[in-house]
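A quick write-up on the structure given underneath.
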Amino acid sequence: MLNNSKPLSDIERIQTVVKMIPAGQVSTYGRIADYAGLLHKARYVSYALAQASHDSLPWHRVINSQGKIAIAKGNPSYFKQIELLRLEAIQVNHGRVNLKQYLWHPDAATLIFSLSF
DNA sequence: CTACTGACCTAAT
DNA sequence: GATTAGGCCAGTA
């Protein structure tokens with residue numbers, strides 16, 4: 001056996017992909033789901049992040065497809081996310097990020113490799 | 001089992 | 001830009 005570990009769970013696959021997002025770049029819920037092999041399960045990504053929104057993974061680098069912060073304004077995490085993004089030199093205006101500028105374009109082979117464990 | 005809820009997405013308006 | 005509608009799907013009550 002080349003690999004005797006059990007397959008990654010959906011949540012583990014999502015977290016693996018999120019960890020691959022480089023500092024200074026962002027991705028979206030839908031894209032993360034696609035990269036993790038979970039087509040059309042964008043909503044599940046938000047659940048997976050909420051489960052582990054500790055320091056363990058860069059949850060702040062995940063925003064919605066419109067480039068906006070997905071958390072409701074007024075929620076402390078909303079401001080926390082903006083703060084974390086700005087620490088990485090990502091500009092946030094009116095709760096919005098320029099996807100053209102900061103969107104992460106992962107390498108397919110690297111993705112497959114990272115998810116194979 | 002059904003009903004409701006979301007840190008969602010796309011297309012249409 | 002903003003809002004709506006329909007689709008999506010796991011979790012929860």
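All heavy atoms count here, side chains included; hydrogens, waters and symmetry mates do not. We name chains A, B, ... by the order of the sequence lines, and we start the count at 1 in each one. Bear in mind that the values here come from a model prediction, so they are computed numbers and not experimental data.
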*What is the per-nucleotide protein-contact pattern of nucleotides 8-13 of chain B, from the 5' end, where B denotes a base atom under 4.0 Å from a protein heavy atom, S denotes such proximity for sugar-phosphate atoms only, and - denotes neither?*
BSS---
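- In this structure, A:R13 places its CZ atom 17 Å from C1' of C:dA10, rounding to the nearest Å.
- The phosphate of C:dC8 has neither OP1 nor OP2 within less than 4.0 Å of any side-chain N or O from A:K41.
- Remark: side-chain polar atoms of A:Q81 are paired, donor with acceptor, to backbone N or O of A:V62 under 3.5 angstrom.
- Atom OH in A:Y78 sits roughly 19 Å away from atom P in B:dG6 (whole-Å rounding).
- Residues A:L57 and A:L49 have side chains in contact (heavy-atom distance under 4.5 Å, counting atoms from C-beta outward).
- Among residue pairs with one or both ends in residues 9-18 of chain A, those qualifying as side-chain hydrogen bond (donor to acceptor under 3.5 Å, both in side chains) are A:S9-A:E12; sequence neighbours excluded.
- At least one donor-acceptor pair closer than 3.5 Å links the side chain of A:R86 to the backbone N or O of A:V92.
- At a threshold of 4.5 Å between side-chain heavy atoms, the hydrophobic network of Ile, Leu, Val, Met, Phe, Trp and Tyr places A:L115 and A:I112 in two separate groups.
- Taking the six-membered ring where the residue is Trp, A:Y47 and A:Y44 present parallel rings, their angle staying beneath 30° rather than reaching 60°.
- For A:P106, the side-chain contact (heavy atoms from CB on, under 4.5 Å) criterion is met by A:Y35, A:W104, A:L111, not counting sequence neighbours.
- A side-chain contact (heavy atoms from CB on, under 4.5 Å) with A:S27 is found for exactly one of A:V45, A:V17, A:V18, A:I21, namely A:I21.
- Contacts of A:D107 classified as side-chain hydrogen bond (donor to acceptor under 3.5 Å, both in side chains), with partners at least two apart in sequence or in another chain: A:T110.
- Taking the P atom of each, B:dA7 and C:dG6 are spaced 22 Å apart, rounded to whole Å.
- The stretch residues 88-101 of chain A has no heavy atom under 4.0 Å from DNA chain B, so no residue of it qualifies as close.
- The separation of C:dG7 from B:dG6, taken at their C1' atoms, amounts to 14 Å, rounded to a whole angstrom.
- Between the side chain of A:R96 and the backbone N or O of A:K68 there is no donor-acceptor pair closer than 3.5 Å.
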Protein and nucleotides 11-13 of chain C: nitrogen or oxygen contacts under 3.5 angstrom:
residue, atom, partner, partner atom, Å
C:dG11, OP1, A:Y44, OH, 3.3

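- Side-chain atoms of A:H60 and A:E83 include no donor-acceptor pair closer than 3.5 Å.
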